[in-house]
Undergrad: 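Next up is a structure, given as structure tokens.
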Amino acid sequence: MGIIIDKTQKLFTLQTSNSTYQMKVGKLGDLLHLYYGAKVSSDDLSYLLFDGEAHFAAYPYGNDRRNGSLDILPQEFSSCGTGDFRSLGLDLKNSDGSHVANLKYKGFELSNGKYQLETLPSFFQTERDDVESLKIILADEISKVEVELSYGVFEEKDVITRSVKVINRGEKEITLNKIQSLILDFSGGNFELLHFYGRWAMERQSEIIPIGHNTISFGSNYGVSGNRQNPGFIVMDATTTQNQGNCYGFNLVYSGNFTATAEKASLGQTRITLGLGDNSFTWRLGEGESFQAPEAIMSFSSKGLNNLSHNFHNLVRENLCRSKYSQESRPVLINNWEATYFDFAGNKLIDLAEAAKEIGADLLVMDDGWFGNRNDDNRALGDWFVNEKKLGMSLSELASQVNNLGLKFGLWIEPEMVSEDSDLYRAHPDWALNFPNRKPLLGRNQLVLDLSKEEVRDYIYKLLVDIFDKCTLSYIKWDMNRPISDWYSMDLNTEQQGELQHRYVLGLYDLMGRLTERYPDILFEGCASGGARFDLGMLAFQPQIWTSDNTDAINRLSIQEGTSYLYPISAMGAHVSVSPNHQNGRTTPFDTRVNVAMSGTFGYELDITKICESDKRKAKASTERYKSYQNLIFYGDYYRLDTLPGLKAWQFVSKNQEESLVTVVDTDVEGNPPFNYLKLCGLDENADYEIDGKTYKGNVLMNAGLRLKQSIGNYPSDQFYLRKLS
Ligand code: GLA
């Protein structure tokens, strides 16, 4: 039983295998939050509520000062004008200009299965899941504004999904100024925040900061979830480690602007919020109209950060993306971007495909530069017509030559963009986002198409369908290479311009949804200047995303590790590139580049025709090795291992504990290096495991550890495969 309801007490308890979440309607009809944490019985926990006097507080009219101030009481969904002065879940303007929505409990609905959202991607249940959904309805008696809070309880997977919908049941128009998908109030707390910041080529770096007596606020105003901050984050006790302690993880199924806060208020009560970005956001709701906010997810672990990641990995892998590839092995690809950049013809790609075939790759991807007059990144986006002159052949000829070699064929596109120097822009300048009577801001010399317009989406859709149908296409890399600015749409009236940022994302999901549905056999991979849109919204349509344009194995350690807290390994594009590396000039051994790229959807991104014979042999063996481990890497449990400084190590363990793969990279080789023992995780304690012909007990490997060789050389790495013997 995932959801337990005591109707008389108006008490709602959500139970997952290892966590409990409880809320209750308070004396004044407010929906209060009582508990989220390690699993406890479903008893009423309202004794936890503060019953002292509220000082310097605003409390409901005619009530005792004790107990009534919403600035102090923990709430499920905080709203404007109610005496809660902290970060709010909802801010709206009524037709008389007042900002108030006094939301009181109205009722609930319980259903089997996972609720679905109409216009936005959301998690779904499979036959293997036991999911229940709860909807709680809150309403403002005067304005008739209603709010529906939905909860999906993935009991076995230890995750709760949440979503919020606002419905205007009144006769007069209201305007939303802010709506968050998740509010979580703790009646106390001494937490730290683990968040993932970054920049182009250094995405999702981990940083831990204390949540002190202030509000930490972060988010994205880049129009996409962005590379500066990820919408996923973790709140934890200061003592929490990878394998011990309490931690809470949060994420948003959304690819546009977002905002998140962690706030510790006067009495130590801590509030977490996560939802749509509210910078310039407004949304008008006429009589009977509603607004659906994106879905958020949360999970609790009392067993540290690795376990929390497993909860997210299991759910994201199985319950988010409808592409058949989310459950299938993925092709080892070779992409020509770092091999040729814009300087290629069809014959060069065929040479690349031949060499790729020799090393066992499955798919050749033709990256940017195959269409219109696109010989550099200043022009031709939007002109999705094959440049046969440059290729020296038609697209179908190229694809069939690649296919004849036994490789699949894939293509790069950037459908959301238009270059100023393009036929499309010359024909439809009003299709690009642009403030009236001003020159637009440029990013990589390109403009953003107004995807809120149906006619723009239809036009791009048709062009892409024409191309996709021209050849046997197995893969698409969907890129997006600039932040979005100049938020103004010719189609929207003055009051609606604040809706554009969200309408853009809805348009994007519509376009992606139509294409991914029409081409179920094409594997789609997301990309945004590398990993600038690595989020659950994109992963709902595309099972993998190019993690970063930075392919340096050593920088990739922190990029991939940061990403691994929230997203499964099967979602991370990771390629072997040339050394010295094109992004930072570092020289690393081939084996280390392979070992790091093996923690993701593996591929190559270099001119394989030019590598030496010894690297070619290594590449062939590496491709084979990756293919034999892919299931373990994709579906096993992933552990970040504790190491001495200067080392990074991680481990995959199959769910049945039969096999495991450990990788360790030395980023800082010292003279006379210290002894190093790597304590493994997740093994069967009593079983014997074989590593390189030697046998160790699981409990020995997990407690005494694996003895590592003393490192020597430039960024050396090692990989150990463990097989259970008994
Ligand atoms: C972006 C991507 C790269 C490559 C180029 C092509 O930068 O992240 O992988 O596709 O665009 O222009």
Side-chain angles (χ1 to χ4, degrees), residues 198-204 222-228 255 333-344 348-349 352 363-384 387 390-391 409-422 442-448 464 467 473 475-484 523-535 538 542 544-552 555-556 559-560 563 571-578 581-584 593 597 600-607:
R199 57 184 189 271
W200 174 76
M202 282 309 279
E203 295 87 346
R204 289 169 299 286
Y222 291 82
V224 289
S225 50
N227 49 25
R228 310 303 209 268
S255 309
L333 65 82
I334 177 147
N335 179 306
N336 75 310
W337 179 241
E338 285 198 22
T340 64
Y341 296 102
F342 290 102
D343 185 14
F344 62 88
K348 173 69 199 172
L349 298 179
L352 213 54
L363 169 83
L364 175 94
V365 180
M366 175 162 67
D367 210 281
D368 195 356
W370 55 267
F371 52 91
N373 181 23
R374 181 85 169 168
N375 287 315
D376 56 39
D377 59 6
N378 293 314
R379 65 202 85 250
L381 289 171
D383 295 344
W384 300 108
N387 187 343
K390 172 171 178 174
L391 292 183
F409 181 68
L411 215 51
W412 176 97
I413 56 171
E414 194 178 356
E416 297 156 71
M417 297 292 153
V418 62
S419 305
E420 212 177 2
D421 180 4
S422 68
L442 299 173
R444 213 192 187 198
N445 246 329
Q446 62 200 50
L447 310 176
V448 185
L464 293 179
I467 303 249
L473 205 56
Y475 167 100
I476 283 292
K477 176 174 172 187
W478 183 303
D479 209 344
M480 193 284 180
N481 281 314
R482 60 157 292 178
I484 309 180
L523 167 64
F524 284 79
E525 174 158 3
C527 178
S529 289
R533 196 162 59 180
F534 206 118
D535 59 59
M538 295 311 283
Q542 321 192 336
Q544 62 191 60
I545 297 177
W546 181 225
T547 316
S548 175
D549 274 351
N550 188 341
T551 52
D552 168 53
N555 284 167
R556 273 280 182 143
I559 297 170
Q560 292 177 191
T563 311
M572 294 187 217
H575 299 169
V576 177
S577 65
V578 77
N581 178 268
H582 284 191
Q583 288 76 40
N584 66 5
R593 280 176 272 149
T601 60
F602 186 79
Y604 295 90
E605 182 137 353
L606 75 173
D607 192 343

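Both ligands and their constituent atoms are indexed starting at 1 by order of listing.
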Undergrad: I'd like to know whether CZ of F344 has more than 12 heavy-atom contacts from other residues, nucleotides or ligands below 6.0 angstrom.
TA: yes

Undergrad: Note the single closest protein heavy atom to atom 3 (C) of ligand 1, along with its residue, its atom name and the distance in Å.
TA: D549 OD1, 3.5 Å

Undergrad: Quick one: nearest non-hydrogen protein atom to atom 2 (C) of ligand 1, plus distance?
TA: D479 OD2, 3.0 Å

Undergrad: Quick one: which ligand 1 atoms are inside 4.0 Å of a heavy atom on K477?
TA: 3 (C), 4 (C), 9 (O), 10 (O)

Undergrad: Mark up the atoms of ligand 1 that fall under 4.0 Å of a heavy atom belonging to N481, in ascending order.
TA: 1 (C), 7 (O), 11 (O)

Undergrad: Pair L363, I334 - check side chain to side chain contact (heavy atoms under 4.5 Å, CB included), show working.
TA: CA-CA 6 Å; L363 169 83; I334 177 147; over 6 Å; no

Undergrad: What part of D377, side chain from CB on, backbone N/CA/C/O, both or neither, has a heavy atom under 4.0 Å from ligand 1?
TA: neither

Undergrad: Kindly indicate, with the supporting measurements, whether the criterion side chain to side chain contact (heavy atoms under 4.5 Å, CB included) is fulfilled by W337 and H575.
TA: CA-CA 11 Å; W337 179 241; H575 299 169; over 6 Å; no

Undergrad: For the backbone of N335 and the side chain of W412, can you confirm whether one donor and one acceptor N or O come within less than 3.5 Å of each other?
TA: no

Undergrad: Using 0.5 Å steps for rounding, measure from the CG atom of N445 to the CZ atom of R482.
TA: 10.0 Å

Undergrad: Do the side chain of R374 and the main chain of N387 share a donor and acceptor less than 3.5 angstrom apart?
TA: no

Undergrad: Is a side-chain N or O of E414 found less than 3.5 angstrom from the main chain of N481, in a donor-acceptor match?
TA: yes

Undergrad: Is the contact between N335 and ligand 1 made by the side chain, the backbone, both, or neither, using heavy atoms and a 4.0 Å cut-off?
TA: neither

Undergrad: What are the atoms of ligand 1, with element, lying closer than 4.0 Å to any heavy atom of W546?
TA: 9 (O)

Undergrad: Which of the atoms in ligand 1, numbered in the order shown and given with their element, are less than 4.0 Å from a heavy-atom of S529?
TA: 8 (O)

Undergrad: Would you tell me whether E605 and T551 have side-chain atoms, one donor and one acceptor, within less than 3.5 Å of each other?
TA: no

Undergrad: List every atom of ligand 1 that sits less than 4.0 Å from any heavy atom of C527, numbering the atoms from 1 in the order shown and giving each element.
TA: 2 (C), 8 (O)

Undergrad: Measure the distance from atom 12 (O) of ligand 1 to every protein heavy atom, then report the residue, atom name and distance (to 0.1 Å) of the closest one.
TA: D368 OD2, 2.6 Å

Undergrad: Compute the minimum heavy-atom distance from E414 to ligand 1 and say whether it is under 4.0 Å.
TA: no

Undergrad: List every atom of ligand 1 that sits less than 4.0 Å from any heavy atom of G530, numbering the atoms from 1 in the order shown and giving each element.
TA: 8 (O)

Undergrad: Using modelled atom types only, decide if a donor and an acceptor are shared between the side chain of T547 and the backbone of G531 within a distance under 3.5 Å.
TA: no

Undergrad: Could you identify the single nearest non-hydrogen protein atom to atom 10 (O) of ligand 1 and state the distance to 0.1 Å?
TA: D367 OD1, 2.7 Å

Undergrad: Classify the contact between R444 and ligand 1 as side chain, backbone, both or neither, using a heavy-atom distance cut-off of under 4.0 Å.
TA: side chain

Undergrad: Do ligand 1 and F342 have nitrogen or oxygen atoms that lie under 3.5 Å from each other?
TA: no

Undergrad: Mark yes when over 12 heavy atoms from residues, nucleotides or ligands other than D343 sit less than 6.0 Å from its CG; otherwise mark no.
TA: no

